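Notes follow once the structure below has been shown.
All values reported here derive from a predicted model rather than from experimental measurement.
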Amino acid sequence: MSEDALRKEKMTKIEWWKSQGIEPYGRKFIREPIVSLTAERKGQISIAGRIMTIRRHGKAAFCDVMDQSGKIQIYFKKDILGEVLFERFRNLDVGDIIGIKGELFTTHTGQLTVLVRDFVLLSKIIGTLPEKWHGLKDVEVRYRKRYLDLIMNPQAQKVFETRIKILNLIRDFLNEAGFVEVETPMMHPIPGGAEARPFITHHNALDMDLYLRIAPELYLKKLLVGGMERVYEINRSFRNEGISTLHNPEFTMLELYSAYDDYQEMMKLTEKLICHITQNIFDTEEIDFGDTKINFQSPWKKIYWQDCWKQLGINNWRDVNDVKKAFSDLHLDTEGKQDLFELLDLLFKRAIEPKLIDPTFVIKFPVETSPLAKSWPGEPSMVERFELFIGGLEVANAYSELNDPLEQKKRFEQELQRPSERPKVIDQDYIEALEYGMPPAGGLGIGIDRLVMILTGCNSIRDVILFPLLRPRQ
RNA sequence: GGGCCGUUAGCUCAACAGGCAGAGCAGGGCACUCUUAAUGCCAAGGCUGGAGGUUCGAUUCCUCCACGGCCUACCA
């Protein structure tokens with residue numbers, strides 16, 4: 001039957017309800033969550049939810065009704081309901097939202113069921129729900145009409161429940177640890193704190209271009225200058241780059257800064273934070289990940305970034321020829337890259353990253369790739385920084401924050417010298433803030449979407465974002 | 001941006017090698033007062049994503065377009 005014809009059937013039913021003097025879109029209904037109902041419960045109960053299935057038997061019928069908390073079977077019986085209400089029942093469809101008053105009983109097969117004494121229509125469906133048995137599979141429709149995905153696929157609901165749980169656990173943990181949650185601008189006059197291309201927007205009254213933030217970092221560190229010693233922000237950043245299973249143009253980041261700490265403290269904090277999450281979500285420290293398992297047991301592995309290259313037979317990672325040789329030894333394509341750091345980055349991604357399944361801290365990076373990090377004591381070409389990898393994904397990035405305004409200015413200037421597709425501007429405002437004195441501090445960023453992916457076993461970022469960006473349909 | 005793959009009824013899927021496009025569920029009708037993927041019977045539902053081309057004939061082969069998926073690139 002065509003979509004149009006199905007729609008017409010539903011419209012006819014809406015007319016029927018109206019002809020009975022009943023508004024098919026109801027109002028407030030006092031009810032209790034379905035999950036709270038137990039067999040011991042006596043007397044009248046009141047529930048509401050969506051009809052998921054109807055099994056009609058002439059003068060009686062069983063339905064399954066679902067609310068957010070759960071699902072229960074309900075029983076419509078003509079003897080009990082009388083002519084009028086039973087006729088109304090006959091004009092219900094799968095997908096309608098109703099409120100029910102009745103009492104509990106147990107069927108011959110032992111199933112807890114609500115005997116319906118009275119019911120009201122709260123919302124009449126016009127569309128048609130996907131098939132009850134196979135659910136909604138078309139991934140495109142699942143992303144475009146997430147509401148249908150949530151109605152039909154319990155796994156989808158579960159993923160987003162877990163996502164909320166993770167966010168709440170992070171907030172609990174950080175608040176407990178003396179951090180305060182702050183909100184800094186999403187619209188920046190100069191995009192900073194990361195290396196991505198920004199989205200550009202325009203403010204009419206001020207007649208100025210603004211950039212959706214690519215990271216909140218610089219503003220959060222201004223708060224350190226202001227004397228806020230432990231701050232965090234969990235919110236969206238925006239990067240105008242490609243879309244993939246690991247990238248959505250808007251994504252959620254946790255960034256936190258802790259005065260008088262350093263990257264070592266951030267490492268301890270990260271491990272404690274993520275273990276706090278896993279312990280509260282799973283009973284075990286080992287979780288399934290594809291064909292293998294991730295073991296979250298402390299202490300986590302720590303390796304030096306430099307030592308990764310030794311493993312690949314590179315004696316001097318600053319020697320481009322050594323690095324290129326490693327590519328050919330491993331039968332990897334350099335993809336036309338010439339820049340040392342681009343090559344190292346690619347090699348790391350191809351040869352190292354996929355092997356970092358259990359949580360692993362990679363420590364001490366070259367200064368060229370870390371313009372906002374404090375240098376390694378006695379080794380100005382390296383910085384106090386780590387990245388955390390879990391399940392072969394980069395999950396966190398942290399460093400001892402560079403708080404020397406003169407050094408910071410120099411770093412920004414050096415950055416300008418290096419080739420880049422993106423026009424760069426030195427953020428004088430940030431330098432000026434540092435000139436008022438920022439305490440030494442540790443800073444940490446965690447990609448929340450990726451963390452959720454790992455902890456829910458999803459292999460696309462679109463499965464953990466309620467409404468991922470898609471091209472509009474026609 | 002590049003490569004490969006996909007798009008058939010509202011949903012889930014068929015249709016060998018180019019020969020009238022077929023089920024189940026949902027929807028409609030009838031029967032049925034303990035079913036749970038309820039059951040039985042009946043009828044309906046399609047411009048095969050869009051536009052061209054090849055062919056006597058195209059869901060099937062070719063070209064272009066749209067949307068999506070996977071891989072890849074940019075995202076230190």
Distance-only donor-acceptor test, A:Asp64 side-chain atoms vs B:U36 base atoms, 3.5 Å: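 Side chain to base: no pair present.
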
Presence of donor-acceptor pair under 3.5 Å, side chain of A:Thr107 and base of B:U35: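 Counting by modelled atom types and ignoring angles, a donor-acceptor contact under 3.5 Å is found here.
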
What is the distance from [atom1] of [X] to [atom2] of [N], rounded to the nearest Å?
{"X": "A:Leu81", "N": "B:U33", "atom1": "CG", "atom2": "C1'", "value": "11 Å"}
{"X": "A:Asp138", "N": "B:G69", "atom1": "CG", "atom2": "C1'", "value": "10 Å"}
{"X": "A:Trp305", "N": "B:A76", "atom1": "CH2", "atom2": "P", "value": "15 Å"}
{"X": "A:His108", "N": "B:U35", "atom1": "NE2", "atom2": "P", "value": "9 Å"}
{"X": "A:Lys8", "N": "B:G27", "atom1": "NZ", "atom2": "C1'", "value": "14 Å"}
{"X": "A:Arg236", "N": "B:C75", "atom1": "CZ", "atom2": "P", "value": "23 Å"}
{"X": "A:Leu346", "N": "B:U72", "atom1": "CG", "atom2": "C1'", "value": "11 Å"}
{"X": "A:Lys59", "N": "B:C34", "atom1": "NZ", "atom2": "P", "value": "11 Å"}

Regarding [X], tell me which of base, sugar-phosphate or nothing describes its non-hydrogen contacts under 4.0 Å with the strands shown.
{"X": "A:Ala194", "value": "base"}
{"X": "A:Phe105", "value": "base"}
{"X": "A:Leu470", "value": "sugar-phosphate"}
{"X": "A:Ile74", "value": "nothing"}
{"X": "A:Glu368", "value": "nothing"}
{"X": "A:Arg142", "value": "nothing"}
{"X": "A:Tyr143", "value": "sugar-phosphate"}
{"X": "A:Gly127", "value": "nothing"}

Pairwise [atom1] distance for [N] and [M], with rounding to whole Å:
{"N": "B:G49", "M": "B:C75", "atom1": "C1'", "value": "32 Å"}
{"N": "B:C47", "M": "B:G29", "atom1": "P", "value": "24 Å"}
{"N": "B:A43", "M": "B:A9", "atom1": "C1'", "value": "16 Å"}
{"N": "B:U54", "M": "B:C67", "atom1": "P", "value": "28 Å"}
{"N": "B:G22", "M": "B:C16", "atom1": "P", "value": "13 Å"}
{"N": "B:C41", "M": "B:G50", "atom1": "C1'", "value": "41 Å"}
{"N": "B:A26", "M": "B:A66", "atom1": "C1'", "value": "29 Å"}

Polar contact flag, side-chain donor to acceptor under 3.5 angstrom, A:Arg239-A:Ser237: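 No.
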
Between A:Asp4 and A:Ser2, a side-chain donor and acceptor under 3.5 Å: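 No pair is found: no donor N or O on one side chain lies under 3.5 Å from an acceptor on the other.
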
OP1 or OP2 of [N] less than 4.0 angstrom from a side-chain nitrogen or oxygen of [X], does that happen here?
{"X": "A:Thr245", "N": "B:C71", "value": "yes"}
{"X": "A:Arg144", "N": "B:C67", "value": "no"}
{"X": "A:Arg197", "N": "B:C75", "value": "no"}
{"X": "A:Arg55", "N": "B:U35", "value": "no"}
{"X": "A:Lys137", "N": "B:C11", "value": "no"}

Could you work out, with ring pair (Phe, Tyr, Trp, His ring centres under 6.0 Å) as the rule, every residue matching [X], not counting sequence neighbours?
{"X": "A:Phe105", "value": "A:Tyr75"}
{"X": "A:Phe89", "value": "A:Phe76, A:Phe86"}
{"X": "A:Tyr430", "value": "none"}

If you check the [X] side chain, which of [options] turns out closest?
{"X": "A:Tyr75", "options": "B:U33, B:C75, B:G10", "value": "B:U33"}
{"X": "A:Asp79", "options": "B:C75, B:U36, B:U33", "value": "B:U33"}
{"X": "A:Thr109", "options": "B:U35, B:C75, B:U33", "value": "B:U35"}
{"X": "A:Gln111", "options": "B:U36, B:G27, B:A37", "value": "B:U36"}

Sub-6.0 Å ring centroid separation between A:Trp300 and A:Phe389: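 They do not qualify: ring centres at least 6.0 Å apart.
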
A:Tyr147-A:Phe467 aromatic ring centre distance below 6.0 Å: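 Distance test on ring centres: not under 6.0 Å, no.
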
A:Trp305 and A:Phe365 aromatic ring geometry - parallel, tilted or perpendicular at 30°/60° bounds: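 Ring orientation, 0 to 90° scale: tilted.
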
Nearest heavy atoms of A:Arg462 and A:Thr245, plus distance in Å: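 So the minimum-distance heavy-atom pair works out to NH2-N, 4.3 Å.
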
Pairs touching residues 382-391 of chain A that satisfy side chain to side chain donor-acceptor pair (under 3.5 Å), sequence neighbours left out: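 Listed by first then second residue: A:Ser370-A:Arg385, A:Glu384-A:Ser400, A:Arg385-A:Glu387, A:Arg385-A:Asn397.
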
Stem list, RNA chain B (Watson-Crick or G-U pairing under 3.5 Å, at least 3 consecutive pairs):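 Stems found: B:1-7 with B:66-72, B:10-13 with B:22-25, B:28-31 with B:39-42, B:49-53 with B:61-65.
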
Residue closer to the 5' end of RNA chain B, A:Val139 versus A:Thr53 (nearest nucleotide):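 In this pair, the answer is A:Thr53.
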
Set of residues satisfying side-chain contact (heavy atoms from CB on, under 4.5 Å) with respect to A:Leu330, sequence neighbours excluded: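 Scan of A:Leu330 (side-chain contact (heavy atoms from CB on, under 4.5 Å), adjacent residues dropped) gives A:Leu312, A:Leu332, A:Leu347, A:Ala351.
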
Residue list, side-chain contact (heavy atoms from CB on, under 4.5 Å) with A:Asn235, at least two apart or on another chain: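 For A:Asn235 the side-chain contact (heavy atoms from CB on, under 4.5 Å) partners, ignoring immediate neighbours, are A:Met186, A:Arg213, A:Glu233.
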
Nucleotide N/O to protein N/O under 3.5 Å, stretch nucleotides 2-6 of chain B:
none

Table of protein N/O atoms under 3.5 Å from nucleotides 21-24 of chain B N/O atoms:
none

Please write out each protein N/O paired with an N/O of nucleotides 28-31 of chain B under 3.5 Å, distance rounded to 0.1 Å.
unit_1, atom_1, unit_2, atom_2, d
B:G28, OP1, A:Lys13, NZ, 2.6

I'd like to know if [X] pairs up with [Y] as an ion pair, taking the criterion as any Lys NZ or Arg NE/NH1/NH2 lying under 4.0 Å from an Asp or Glu carboxylate oxygen.
{"X": "A:Arg142", "Y": "A:Asp149", "value": "yes"}
{"X": "A:Arg197", "Y": "A:Glu241", "value": "yes"}
{"X": "A:Arg471", "Y": "A:Glu140", "value": "no"}

Residues forming a side chain to side chain donor-acceptor pair (under 3.5 Å) with A:Asp96, sequence neighbours excluded: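 Testing A:Asp96 for side chain to side chain donor-acceptor pair (under 3.5 Å), a comparison that skips the adjacent residues, returns A:Lys124.
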
Any donor-acceptor pair under 3.5 Å from A:Gln408 side chain to A:Pro371 backbone: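 Confirmed, A:Gln408 side chain pairs with A:Pro371 backbone.
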
A:Glu83: salt bridge (Lys or Arg N to Asp or Glu O under 4.0 Å) partners, not counting sequence neighbours: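 Checked A:Glu83 against salt bridge (Lys or Arg N to Asp or Glu O under 4.0 Å); matches are A:Lys78.
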
